[in-house]
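Structure, as structure tokens:
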Amino acid sequence: MGRPIRREPMADLPQILVVDAEEEHLQAVVRSLEGVGRVEAATSSEEAWALIQASDPDVVIADQALPGIPGIELLHRAAERDAHVGRILLTSFGDTQETVDAIDRHRVEAYLAKPCLPFQLRLTVESVLERTRLERDNARLFANLVNKNQELREAMASLRTAQKRVVDSERLGAIGRMIATIVHDFRGPLAVVASTAGELDRADLSREELAGLAAEIRDETARMSRMCSELLEVTRASGGPIQQRETDLAELVEDVMARFADEAGRAGVVVETRLAPDCRVLLDADRFRRALLNLAYNALEAMPEGGELRVTAERHEDGVRVGVRDTGTGIPAEIATRAFDPFVTHGKSRGTGLGLAVVKKVVEDHGARIRITKPEGGGTAFEIDLPRFLVC
Ligand SMILES: Nc1ncnc2c1ncn2[C@@H]1O[C@H](COP(=O)(O)OP(=O)(O)O)[C@@H](O)[C@H]1O
Ligand SMILES: [Mg+2]
């Protein structure tokens with residue numbers, strides 16, 4: 001069948017076309033449809049076709065016996081032009097079996113034998129019109145739906161483009177902030193090294209003063225080297241799988257603390273370890289060492305007047321708990337909930353804000369957990385829980 005004709009919903013009267021070559025019968029039909037719709041009349045299929053094109057009728061009532069093409073053919077063409085048009089055929093006594101077959105074939109909705117009773121005609125026309133109205137409404141709603149769907153699809157596409165733009169610019173912004181932080185962090189120690197090196201030039205320096213300046217340069221370059229490690233660890237932590245091996249936990253901790261002992265000593269920090277013996281765990285030793293070192297340096301930086309750092313490893317039912325506890329200033333309240341986020345740093349002139357982010361990443365990559373607690377009497381405690389599956 002043909003395409004649907006787009007027309008406004010039938011808010012006003014429906015348009016009816018009656019086609020009959022017998023003038024008298026035609027007028028009788030027109031009269032009986034008074035009030036049902038706006039009725040137009042034609043006496044030939046040619047005239048009817050012109051009216052169909054001019055006024056888009058909602059229903060066509062055609063007599064089968066028309067000059068020119070027969071009624072059924074006219075209805076067929078009307079339906080090809082407008083899929084929803086209502087089609088009623090009027091048949092006369094004596095129409096052949098052929099007509100009856102054609103009615104089936106062309107799916108004419110209704111047919112009436114002439115002469116038809118006015119009430120029967122009205123009823124038939126009204127029911128066909130109702131069907132037409134429903135079909136037209138459906139078609140219109142469907143077209144609306146298709147339209148809305150298309151609009152939605154376009155809106156989604158432009159949203160996606162906008163989102164990508166935001167993400168791209170945020171990424172650039174983040175890279176910019178990161179570079180600014182890194183440059184700022186390196187400027188401090190570089191300035192110290194430069195000015196200390198300048199002082200080395202003076203001829204009147206005693207042996208002790210020289211040693212002091214050299215130590216200062218050593219500390220600052222060590223600090224820069226640590227910052228480099230943190231930065232490198234961040235890039236490493238964001239890629240590459242972890243490489244776990246059976247590791248003696250106590251040995252690993254002692255090894256870390258040995259590297260750290262000199263600086264701790266100079267800062268007046270006493271290091272104490274209490275480590276369960278024969279505790280073998282599956283760790284990426286390099287990365288776990290780096291994580292412990294980050295915790296240790298943070299603790300050191302939180303104890304400018306000296307203090308105590310205690311590292312523990314205890315076995316329990318569900319695995320092993322590693323504790324790193326200091327007697328320092330405590331995590332500043334301002335960042336308490338964000339301390340593990342990258343670039344979060346507080347109360348230091350030179351902090352990358354990456355130390356704890358790396359610690360958390362390393363711990364979680366192992367399937368372990370870390371949390372911060374506030375010990376009684378001040379300071380900070382970190383607890384790393386290594387689950388049982390990491391214990392050999
Ligand atoms: N042991 C600690 N005691 C007190 N504050 C800490 C401790 N560890 C971390 N913090 C706080 O958390 C912040 C983030 O630490 P971190 O991610 O290592 O970055 P950074 O040390 O470069 O500032 C530090 O700036 C500090 O304010
Ligand atoms: Mg740090």
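Small disclaimer: the values here were computed from a predicted structure and weren't measured. We count ligands from 1, going down the list as the structure has it; atoms in each ligand are counted the same way.
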Hey, is [X] touching ligand 1 through its side chain, its backbone, both or neither, going by heavy atoms under 4.0 Å?
X: Lys348; result: side chain
X: Thr380; result: side chain
X: Asp326; result: side chain

Within the structure, does [X] bring an N/O atom to less than 3.5 angstrom of an N/O atom in ligand 1?
X: Gly353; result: yes
X: Thr329; result: no
X: Gly347; result: no

Using a distance-only test with no angle check, is there a side-chain donor-acceptor pair under 3.5 angstrom linking [X] and [Y]?
X: Glu154; Y: Ser158; result: no
X: Arg140; Y: Asn144; result: no
X: Gln64; Y: Ser92; result: no
X: Ser55; Y: Glu40; result: yes

- Say you draw a straight line from CZ of Phe288 to CD of Gln244; how long is it, rounded to the nearest 0.5 Å?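 Nearest 0.5 Å value for the CZ-CD distance: 10.5 Å.
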Q. Which atom pair, heavy atoms only, marks the closest approach of Pro189 to Arg223?
A.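 Where Pro189 meets Arg223 most closely, the heavy atoms are CG-CD, 4.3 Å.
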Show the nearest heavy-atom pair for residues Ala139 and His84, with the distance to one decimal.
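Taking Ala139 first and His84 second, the nearest heavy atoms are CB-NE2, 3.5 Å.
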Identify the closest protein heavy atom to [atom]: which residue and atom is it, and at what distance?
atom: atom 8 (N) of ligand 1; result: Asn298 CB, 3.3 Å
atom: atom 16 (P) of ligand 1; result: Leu356 N, 3.6 Å
atom: atom 23 (O) of ligand 1; result: Thr345 OG1, 2.7 Å

Notebook entry, point to check: Taking the non-hydrogen atoms of Gly328, is any one of them nearer than 4.0 angstrom to ligand 1?
Noted result: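 Contact absent.
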Test your reading of the model: is there a side-chain donor-acceptor pair from Arg310 to the backbone of Thr327, 3.5 Å cut-off?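 No.
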Main chain of Val344, side chain of Asp341: is a donor-acceptor contact present, judged purely on distance under 3.5 Å?
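Checking the backbone N and O of Val344 against the side chain of Asp341, no donor-acceptor pair under 3.5 Å is found.
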Option set [options], criterion heavy-atom distance to [atom], minimum:
atom: atom 27 (O) of ligand 1; options: Glu301, Arg325, His346; answer: His346
atom: atom 14 (C) of ligand 1; options: Leu309, Thr327, Val344; answer: Val344
atom: atom 7 (C) of ligand 1; options: Ile335, Val359, Ile372, Ile331; answer: Ile331

Those atoms of ligand 1 less than 4.0 Å from some heavy atom in Pro332: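 Listed by number with element: 5 (N), 27 (O).
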* To do: State, with a plain yes or no, whether a side-chain heavy atom of Asp284 is found less than 4.5 Å away from one of His366.
  =>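 Yes, their side chains come closer than 4.5 Å.
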Item to complete: For the Mg ion (ligand 2), report each protein N, O or S atom nearer than 2.8 Å, sorted by chain and then by residue number.
Response: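 Correct list: Asn298 OD1.
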The criterion is ring-ring contact (aromatic ring centres under 6.0 Å, His included); which residues satisfy it with Tyr297, sequence neighbours excluded?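 Residues passing ring-ring contact (aromatic ring centres under 6.0 Å, His included) with Tyr297: Phe260.
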Worksheet item: For Arg321, which residues count as a side chain to side chain contact (heavy atoms under 4.5 Å, CB included) partner, sequence neighbours excluded?
Response: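 Counting only residues at least two positions away or on another chain, Arg321 forms a side chain to side chain contact (heavy atoms under 4.5 Å, CB included) with His316, Arg371, Glu383, Asp385.
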Counterpart residues, salt bridge (Lys or Arg N to Asp or Glu O under 4.0 Å), relative to Asp278 (two or more places apart) =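 For Asp278, no residue satisfies salt bridge (Lys or Arg N to Asp or Glu O under 4.0 Å) once neighbours in sequence are set aside.
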